[in-house]
Amino acid sequence: MSFALLHRIELKRDDMVALLQDLIRIPTLNPPGENYREICEYLAKRLKPKGFDCQLIRAEGAPGDSDTYPRWNIIARREGTRPGDCVHFNSHTDVVEVGQGWTRDPFGAELEDGRVYGRGACDMKGGLAASIIAAEAFLEQNPDFHGVVEISGTADEESGGYGGVAYLAEKGFFDPSRVQHVIIPEPLGHDCICLGHRGGWWAEIETKGEIAHGCMPFLGDCAVRHMAAVLDLFEQKLFPAMAARYTEMPVIPEGARQSTMNINSIHGGQPEQPADYTGLPSHCVPDSCRIVIDRRFLIEEGLDATQAEIVELLEHLKATRPGFDYSLREINRVIPSMTAKTAPVVTTVHGAIHDVLGQDPIYVASPGSYDQKHIDRIGKLKNCIAYGPGDLEMAHKPDEFITVDDMMDSAKVMGRSLEKLLLPK
């Protein structure tokens, strides 16, 4: 192991903190997709002087892309002096809404007691900063390396990744002939290797009714009551069935090793009026009620069985409940992804964690999906993992933070992984 590289990374601690603070202070909120070009230009300005060739790529025509909110991505590529594998670090640059409950400026990037606070600090600008520091230190220490180092900053992971990694994969940027190893620095823990993720199925269910005057509801048919029957059947049948199923995938936290479903939203009847509206609602029986479900399924279940289970329950109500009618619309689907423990990137990072931390890693899988799904399914590149600093349970929370020590450990592991993959044996 090159102690010179680890020392060089340690000397970059303050630089890494400053880099992360700069990234947090660019509020790349998604939705709607703000400041994507600004953060890509910042990264290009940082990486070009280090010898990287930088491409800014707009995902034209992708979901969410518009002239107001264009979906910009950056791929920075540094060629070695001799042929060899390409190691690619992929990080998403978008962050979720701020939400309530913050005691700090969400985009202030305060450093306090070894923690950097801010929206995106953990998920996942801390991982992006750590990967950049690792790559820069490796290149400074080993200018005659073999192969290629790539760093990408991509859009829209928080809303499916279709304006980011999915678009780039469709354009061939993750073709196995071009890229051989991918590390995604998502916040799964500096001593963990994330092999994959559960599946996801998002759908909208609408119950139908008939509008009538609210003082004579018997002349109409209340779609909200029909939806209540759907939710009650889910409570009585679906949720207990899901709770009894467990996966062999090492999903964290423990509660996510079973099937889960979140009722993402519910809308019935008249739309909500603006906050400054002072009038009263009109008297109508709602003729439509819609819910959005976020069903996370296990690799052992499969998508077809997951969908069929929902349809069977809805068809049961249609056959037994007077007046019940519904429609079902798929919003999105994600197939589970799982990289083998014997894959080259897994064994390499395993060895790097052992070298740097003096322990074997913990193998985990993510409760939610991330951009590995596109690299796997569209790019056809199986040699991909998530490895990065941070505590997953801090993601999307108020007062989100990441510890500097965690970032340093991860940067050293990523630097050591580059040594193993791109230096002569």
Side-chain angles (χ1 to χ4, degrees), residues 27-34 63-69 94-107 119 156 158-160 200-240 242 260-296 310-311 313-332 396-400:
T28 45
L29 287 165
N30 177 28
E34 298 176 346
D65 179 69
S66 67
D67 289 340
T68 305
Y69 298 109
D94 59 320
V95 302
V96 298
E97 64 178 293
V98 171
Q100 304 296 317
W102 286 76
T103 64
R104 305 165 185 274
D105 180 353
F107 300 107
R119 177 55 83 222
D156 281 6
E158 298 291 4
S159 55
W201 185 55
W202 292 262
E204 180 187 77
I205 299 170
E206 181 181 14
T207 51
K208 312 292 182 62
E210 182 180 352
I211 194 168
H213 198 294
C215 74
M216 296 175 289
F218 47 84
L219 297 179
D221 191 10
C222 182
V224 172
R225 291 182 63 186
H226 286 314
M227 186 60 76
V230 173
L231 296 176
D232 181 63
L233 192 58
F234 284 172
E235 292 289 343
Q236 299 301 319
K237 299 290 186 180
L238 181 59
F239 284 104
M242 290 190 301
T260 61
M261 188 173 78
N262 176 52
I263 307 297
N264 180 270
S265 62
I266 183 166
H267 302 278
Q270 300 168 42
E272 290 187 344
Q273 298 299 321
D276 59 354
Y277 178 73
T278 60
L280 300 174
S282 58
H283 312 288
C284 292
V285 175
D287 58 4
S288 171
C289 186
R290 292 170 289 113
I291 62 170
V292 172
I293 59 172
D294 176 358
R295 173 74 164 85
R296 303 301 172 117
I310 299 290
V311 171
L313 293 173
L314 295 171
E315 286 295 313
H316 171 76
L317 284 175
K318 190 171 182 178
T320 59
R321 181 178 172 85
F324 184 87
D325 193 14
Y326 75 95
S327 64
L328 177 66
R329 179 177 66 88
E330 179 177 281
I331 298 173
N332 193 26
H396 302 193
K397 296 282 287 183
D399 287 345
E400 178 183 348

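Only heavy atoms go into these numbers, but all of them, side chains included; no hydrogens, no water, no symmetry mates. None of these values were measured; they are calculated from a predicted model.
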Q) Of the non-hydrogen atoms in P217 and G214, which two are nearest, and what is the gap between them? A) CD-O, 3.4 Å
Q) For E272, does the CD atom have more than 12 heavy-atom neighbours from other residues, nucleotides or ligands under 6.0 Å away? A) no
Q) Which value, rounded to the nearest 0.5 Å, describes the distance between I205 atom CD1 and R290 atom CZ? A) 12.5 Å
Q. Tell me, do L317 and H226 make a side-chain contact under 4.5 Å, heavy atoms counted?
A. no
Q: State the CD1-CG distance between I310 and L328, to the nearest 0.5 angstrom.
A: 8.0 Å
(Q) Looking at every heavy atom in both G101 and D399, which two are closest together, and how far apart are they? (A) O-OD2, 4.5 Å
Q: Could you list the residues that satisfy side chain to side chain donor-acceptor pair (under 3.5 Å) with R329, not counting sequence neighbours?
A: none
**Q.** Polar side-chain atom of Q270 near backbone of S282 as donor-acceptor pair, under 3.5 Å
**A.** yes
Q: Compare every heavy atom of E158 with every heavy atom of D94, then report the nearest pair and how far apart it is.
A: OD2-N, 2.9 Å
Q: Please round to the nearest 0.5 Å and tell me the distance separating atom CE of M261 and atom CZ of F239.
A: 4.0 Å
(Q) Are there over 12 heavy-atom neighbours, none belonging to K397, within less than 6.0 Å of that residue's NZ? (A) no
(Q) Looking at R119 and P106, would you say the former's side chain and the latter's main chain have a donor-acceptor pair under 3.5 Å? (A) no
**Q.** Residue pair N30 / S159: nearest heavy atoms and the distance that separates them
**A.** ND2-OG, 3.0 Å
Q. Hey, mind stepping through Q100 and W102 against side chain to side chain contact (heavy atoms under 4.5 Å, CB included) and telling me if it holds?
A. CA-CA 6 Å; Q100 304 296 317; W102 286 76; over 6 Å; no
Q: Check Q236 against P240 and note the closest heavy-atom contact, atom names and distance.
A: O-CG, 3.6 Å
Q) Could you state the interatomic distance from OH (Y326) to CG (L314), rounded to the nearest 0.5 Å? A) 5.0 Å
Q. Taking all atoms of both residues into account, what is the closest heavy-atom pair of S288 and A223, and its distance?
A. N-CB, 3.4 Å
**Q.** Exceeds 12 heavy-atom contacts within 6.0 angstrom, atom CZ of R321
**A.** yes
Q: Supply the atom-to-atom distance N264 CG to E204 CD, rounded to the nearest 0.5 angstrom.
A: 10.5 Å
Q.
Do C289 and I266 make a side-chain contact, defined as non-hydrogen atoms from C-beta onward lying under 4.5 Å apart?
A. yes
Q.
To the closest 0.5 Å, what do you measure between CD1 (I331) and CH2 (W201)?
A. 9.5 Å
Q. Can any side-chain N or O of D294 pair as donor or acceptor with the backbone N or O of N262 at less than 3.5 Å?
A. no
**Q.** side chain to side chain contact (heavy atoms under 4.5 Å, CB included) assessment of K318 paired with D325
**A.** CA-CA 6 Å; K318 190 171 182 178; D325 193 14; 3.8 Å; yes
**Q.** Crowding at CD, E97 (>12 non-hydrogen neighbours, <6.0 Å)
**A.** no
